[in-house]
Each structure stands twice: as C-alpha cells, then as structure tokens.
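Report on one structure; see the data block that follows.
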Amino acid sequence: MGGHPTPLWSVKSPTDRCAYAGEARGMWLYAIAWPASAGYLLAEHVVLHDISEWLPPELVYGAPSPYLHGRA
C-alpha cells in the first residue's frame, strides 16, 4: 500500500478455501479465496489499492458472499 510491497502470509482456514493475512499502514488485510485452488491467483503480482478515501464510480459491490459466513 502507498507504493510499498505488502506481504501476505498464508493462515489456517477450512479446506474448501485459502486465506492470507498481512498488514499495511497499521491495518490488517485479509484475502480469502474460494475454492481453495483460487488461492494460486495470489501467487502472482497483485496490486492493492487503498479506497478508504476515494471510491471509484466503476467499482460495483454488494452484500458479502455467503461463503464468508459459512452459509453456502
């Protein structure tokens, strides 16, 4: 974040997903990929953008995935 590399570490998660955690500018970052094999996408160079101060109008978002709450 802020133009600096932000490492993410693999953390324990259920076998149907993979989870990573890291820290940037004093805030914890979490990346959860489902299914677990989708976690390979995070092996590539991933660019994170801080949208806490500005939200791009083209960004579409909605309710959290039911997979995050174990309901799926």
Side-chain angles (χ1 to χ4, degrees):
M1 305 274 296
H4 301 284
T6 304
L8 295 173
W9 294 273
S10 179
V11 294
K12 188 175 178 178
S13 64
T15 57
D16 68 335
R17 69 200 77 187
C18 66
Y20 296 88
E23 182 273 331
R25 295 176 54 187
M27 296 189 318
W28 283 104
L29 305 171
Y30 300 95
I32 301 168
W34 178 89
S37 59
Y40 289 111
L41 293 173
L42 296 172
E44 297 294 323
H45 179 72
V46 176
V47 178
L48 301 174
H49 296 276
D50 183 357
I51 58 172
S52 62
E53 296 179 11
W54 177 75
L55 183 63
E58 64 273 4
L59 182 64
V60 178
Y61 62 94
S65 168
Y67 293 100
L68 293 175
H69 301 289
R71 291 186 228 146

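Just so you know, these numbers come straight off a predicted model, no measurement behind them.
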Atom of [X], atom of [Y] and distance for their closest heavy-atom approach:
{"X": "T6", "Y": "E23", "value": "CG2-O, 3.7 Å"}
{"X": "L8", "Y": "G22", "value": "CD2-N, 3.6 Å"}
{"X": "S13", "Y": "A19", "value": "OG-N, 3.6 Å"}
{"X": "G39", "Y": "A33", "value": "N-CB, 3.7 Å"}

Single-linkage hydrophobic cluster, 4.5 Å side-chain cutoff, W34 and L41 together: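 Per the 4.5 Å side-chain linkage, W34 and L41 are not co-clustered.
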